[in-house]
Amino acid sequence: MDEPIRSRSKKKKKRSWFKRLVFLFLIILVTGGAAFAYVANKTLQTANETKVDLARGDKSEKREAAVDLTKDHFSVLLVGTDERPGDTSSRADTMIITTFNKTDQTVDMVSIPRDSLVQIPSVGYEDKINHSYAYGGIDSTIETVETLFDIPVDYYASINFNGIVAIVDALGGIDVDVKLPIDTLDSSDKRNSIKLEPGQQTLNGEEALAYARMRYEDPEGDIGRTKRQQQIVQAIIEQSTSFGSITKLNDLMDATGDNFKTNMSLTEAFQLQPFVKSLGSINRIDLTGSDTKINGVYYYQIDPLSLAEAKITLKEQLNLPADDATDMTTSEEATDDTTTTIN
């Protein structure tokens, strides 16, 4: 039998935006850290505003007991939504399921293509996975992801488009090397309102969001869109962790409180700090697949072998048993280049 995928992947050591993305969400989750001590009351208020419990309670149905972040492996679903004030329905524009192994001090991440054709339990039929949020909010999306990967989703962290705009503006803008001309919508869908030329420049919140969101004008399609989202995440991290941003913490927490939601308590967020400091590597798992049309509607069809491998890897990370020998066989047949480790 070939060398295990995890062993091969851990030999690759290079930095990536994926690590920064994890840090971005964890930084938000641990807003009450030592750096924010001088605004402790504001921190507590922000934590109360951002905490939104799930209808299921504090435990996934796939768990016998709720996780203990001081010792247990756990999972977090990161979600970016197109939710705007006054909306009665919105969709999940970005979904990343992450598993955290406390023993190995590693994180596994799977980006789920927004148009993936999956079973949505809340409605009882297949549809695009980003529609799951419209059908039942974060509860429906979590149930869908749990069904897709057959793992518990212990926590979620979601941020809407307004949150990106507010955070970037609170930072005073971010420096980005714009890779292609932009002539697109703003967050209110006003046409031709955001125009950018290629080159290094400082983007405000609306410009940063438009640069990250644009899909159809990019010759690389969704691949190009992913690259631009990487740039924006990296720029936010670099700006928010700079020394000068310490004077903007109050504005940052205001932006976070209005637009960021999680079911993780402030106490649980504090419990994550030792893990964040000792984090070793982050493993990226890509879901391969193909484009398809059903009744004239575009979908992304996930390759069964790629999905099987992702399920096995995530379960291993959470120390959960694989379903059966068939899953192990299909996992071994999957291609070697679907998993990459980043340090």
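FYI, the numbering just counts along the sequence from 1. Bear in mind that the values here come from a model prediction, so they are computed numbers and not experimental data.
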Please check if atom NZ in Lys59 has more than 12 non-hydrogen atoms from other residues, nucleotides or ligands closer than 6.0 Å.
yes

Side chain to side chain donor-acceptor pair (under 3.5 Å) filter on His131, not counting sequence neighbours, yields Asp127

Give a yes or no answer on whether the side chain of Thr98 reaches the backbone of Met109 with a donor-acceptor pair at less than 3.5 Å.
no

Restricting to non-hydrogen atoms, name the atom on Ser122 and the atom on Ser140 that form the minimum distance, rounded to 0.1 Å.
OG-OG, 2.8 Å

Looking only at atom types and distance, does a side-chain atom of Tyr300 sit under 3.5 Å from a main-chain N or O of Ile112, one as donor and one as acceptor?
no

For atom CG of Asn319, decide whether the heavy atoms of other residues, nucleotides or ligands shown that lie under 6.0 angstrom number more than 12.
no

Short side-chain to backbone donor-acceptor contact, Arg213 and Thr184, under 3.5 Å
no

Between the side chain of Thr99 and the main-chain N/O of Gln317, is any donor-acceptor distance below 3.5 Å?
no

Distance-only, no hydrogens or angles: does the Asn130 side chain make a donor-acceptor pair with backbone N or O of Asp115 under 3.5 Å?
no

I'd like to know whether CD of Gln200 has more than 12 heavy-atom contacts from other residues, nucleotides or ligands below 6.0 angstrom.
yes

Looking at side-chain heavy atoms only, is the closest gap between Ile151 and Lys311 below 4.5 Å?
no

Looking at every non-hydrogen atom in both residues, tell me the closest pair between Gln119 and Glu126 and how far apart they are.
OE1-CG, 3.5 Å

Same apolar cluster: Ile97 and Leu117, side chain cutoff 4.5 Å
no

Are there over 12 heavy-atom neighbours, none belonging to Asp58, within less than 6.0 Å of that residue's CG?
no

Considering non-hydrogen atoms only, spot the tightest contact between Val76 and Ala157 and give its length.
CG1-N, 4.3 Å

Specify whether Phe74 and Phe100 have parallel, tilted or perpendicular ring planes, treating 30° as the upper limit for parallel and 60° as the lower limit for perpendicular.
parallel

Counting N and O atoms only, with roles assigned by atom type, does the side chain of Ser75 sit under 3.5 Å from a partner on the main chain of Pro152, one being a donor and the other an acceptor?
yes

If you measure from the Lys or Arg side-chain nitrogens to the Asp or Glu carboxylate oxygens, is any gap between Glu146 and Arg56 under 4.0 Å?
yes

Scanning both residues in full, the closest heavy-atom pair of Asp175 with Thr202 reads OD1-OG1, 2.7 Å

Output for pair (Gln301 CD, Ser290 OG), nearest 0.5 Å, gives 6.0 Å

If only atom types and distance count, is the side chain of Glu207 paired as donor or acceptor with the main-chain N or O of Asn204 below 3.5 Å?
yes

Ser60 side chain vs Lys62 backbone, donor-acceptor pair below 3.5 Å
yes

Has the side chain of Thr262 got a donor or acceptor atom that lies under 3.5 Å from a matching backbone atom of Tyr156?
yes

Please report the interatomic distance CG(Asp68) to CD(Glu268), rounded to the nearest 0.5 Å.
9.0 Å

Looking at Lys315 and Phe149, would you say the former's side chain and the latter's main chain have a donor-acceptor pair under 3.5 Å?
no

First locate atom CG of Leu203, then atom CD1 of Ile174, and finally report the distance between them rounded to the nearest 0.5 Å.
5.5 Å

